[in-house]
2 protein chains.
Amino acid sequence: MRLFSLKDIAKKTGVSITAVSNVLNRRPIRIGDEKRRLIVKTARDFNYRPNLIARSLKRKKAGAIGVVVPDMTTLHYPELIRLLEVKLFAHGYQTLICNSQDNALCEKEHLETLRSRFIDGLVIAPAENGINAPLLRRISESGTLVLCVDIYLPREKFHYVTTDGRTSARQGAAWLAGKGVSRVFYLGERQRHQALDDRLAGVKDAVSMSQKDIILCAPERGEIHERCRTALRDPLSGAGFFLESNRLLPGLLDAARELRIAIPVNLPIIGFDSPVLVINGAEDFASWRILTAPVPVIRQNVAAMAEETAKYLTVKLAKPTARFASVRLPAEIIFQESKT
Amino acid sequence: MRLFSLKDIAKKTGVSITAVSNVLNRRPIRIGDEKRRLIVKTARDFNYRPNLIARSLKRKKAGAIGVVVPDMTTLHYPELIRLLEVKLFAHGYQTLICNSQDNALCEKEHLETLRSRFIDGLVIAPAENGINAPLLRRISESGTLVLCVDIYLPREKFHYVTTDGRTSARQGAAWLAGKGVSRVFYLGERQRHQALDDRLAGVKDAVSMSQKDIILCAPERGEIHERCRTALRDPLSGAGFFLESNRLLPGLLDAARELRIAIPVNLPIIGFDSPVLVINGAEDFASWRILTAPVPVIRQNVAAMAEETAKYLTVKLAKPTARFASVRLPAEIIFQESKT
DNA sequence: CTGAAAGCGCTAACAA
DNA sequence: TTGTTAGCGCTTTCAG
């Protein structure tokens, strides 16, 4: 079944297709009030919706924004995407969300597909530290707005919206030092990118670290458990942990539980992102109980991130000459002391 | 900048556009091996990608699936969407994910937009108990495959993939009874739909309930806290809670903590979906501590849900005559006894 | 002011 | 076997 088209309305009202198009698109074209009203009325009566595909083909713009993230279920991405989707839809843009699974090939496929759909803008948290940067450059040069979010590529000219990880990490590490921690372990992701390196740099700014206290793992609980166990077996006077992301926390808790080290009382910790404890069995539960008091959290401002991203896109798409600087948003440190 | 088009290739190779189209689309058309190779080679050399917009306009199919859910950040939706996206992309479909915010108007807007983009299929967890069913019917009649997921509309003819909530709820409630619970409180969502009513029905199948022990709240922590406090103030010999969804758990824990009722030792509970405890402050932490042992969880099989959904779409799109029955997937009850 | 007409890149029916 | 051609529904230019 066909949707109602401009032609149908033109036929019904006895005016030209052009006239209908002009009226319905509110173009500043003079036309008789009589006709205008008739056109608007018929369009409404028949619930006319422009065929966005035909329009895109002609305009070479789809009214859509592509969003490519490594994983839409972890960290702050779900929330970021949700906020973005709502804001962009309010501005008349559809959002095409893609999972790159932190895999450059997969990301490339998605980018090519998005491109051949004429997206107007692309928001990306690049996979594998920007291997696809050349492709991104081509996309950008072909007229699509490219904006990095969360993960940015320092050697590329793309604008970005991210968190000022270095400053917050410095503050977080300083807090650990203030708690009497003399040996800071840094627990981070094996797969690196600039935004993560910023955090590590921030910690190094605040406290002196030996290379072997930097533990980089795949975000896989078993591996983290093992690496942390090894680290914690040493006599640990004055030890503390800085977590690059609290999504690594479960593994650390597993290790602490095994070694019967209560956190944070016997091992102060601090990390990025709110700890999310999913109870999927008695094992989980036992590990969570090793956390005996609330720990401070470095929380990124996801709402502001979405806000800035949406603003950049909508403003710049409406007025390509608008100037923008990249944004590094401050994170907030929640020093949540127990009040029990 | 324009992308490479069929015409460009035709010009470069000196054959007709049709020939190029046929070769590149692997249509069973006889053509000289010489030419075929040349075409394929030039296409690859210039990194040709078909203009999907033009193709959609012609075919009236976009190679895209719309997915509309009430909220893509809560419950099992993020995981479901992720799995779907990966599977569908592997089959050559792009996924358009939309948030209806459980708001019929917003949902309607999204549906209209999706429709005017010629999606091939629509996966929807309908908002507000299916107010937009007539629109869905129109979409279905206009040739777009419509499939309900998670939330289904019993009075409509759309196929669906959901969880057999009634059976699992019955088993869960029976477990409570087995634990010596003689008075089951049912904590559920105020906004109803069939899949939720199924759970309530299941509980009623297993235990007799008085109407006033059914507590229906907005999924808002403060309100839940208050309602649960009221319920728990009565002398509560033999009380237990059935949670329609463990996303309501935080409010219950707040109330239990206030009244110093340890869960589950003094108040057995069971509920749908894995409990997710986000620590966003000392208050949260204190409330989570009132949970002193693991509790059983009724876990929906999200992977199977995504699997069935993707299968339905891909098979039925490839072969519209294929017959399918709606699916009610069994949930799994995780009786996670503590081993500490 | 108004409308006819060209064409976006692709597909498919039809000629040659 | 191959190529020509007529659109898909919309926008936009250019005559009337």
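Here is the naming used below: chain letters follow the sequence lines, and residue numbers restart at 1 for every chain. Values below: every heavy atom of this structure, side chains too, minus hydrogens, waters and symmetry copies.
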- Task: From the options D:dG3, D:dT13, C:dC10, select the nucleotide whose nearest atom is closest to the side chain of B:Ser16.
- Result: D:dG3
- Counting heavy atoms from C-beta on, name the nucleotide in D:dC8, C:dC10, D:dC10 closest to the side chain of B:Ser5. C:dC10
- Message: Just N and O in the side chain of A:Lys60: are any of them under 4.0 Å from OP1 or OP2 of C:dG9?
- Response: yes
- Within the pair B:Arg59 and C:dA12, is there a side-chain N or O less than 4.0 Å away from OP1 or OP2? no
- Salt bridge between B:Glu308 and B:Lys87, side-chain N to carboxylate O under 4.0 Å? no
- Note on the structure: Against the side chain of A:Ala54, the closest entry in D:dG9, C:dA4, D:dT2 is D:dG9
- Task: Could you please name the option among D:dA6, D:dG9, C:dG3 that lies closest to any side-chain atom of A:Lys58?
- Result: D:dG9
- Touch check for B:Ile31, heavy atoms < 4.0 angstrom, all strands: base, sugar-phosphate only, or nothing? sugar-phosphate
- Task: Go through C:dG3, C:dT11, D:dT12 for me and flag the one nearest to the A:Val15 side chain.
- Result: C:dG3
- Task: When you get a sec, tell me which of C:dT11, D:dT11, C:dC10 is the closest nucleotide to the side chain of B:Tyr48?
- Result: C:dC10
- Message: Any donor-acceptor pair, under 3.5 Å, between the side chain of A:Ser21 and the base of D:dT12, if you only look at N and O atoms?
- Response: no
- Would you say A:Asn22 reaches C:dT2's phosphate, i.e. side-chain N/O to OP1/OP2 under 4.0 Å? no
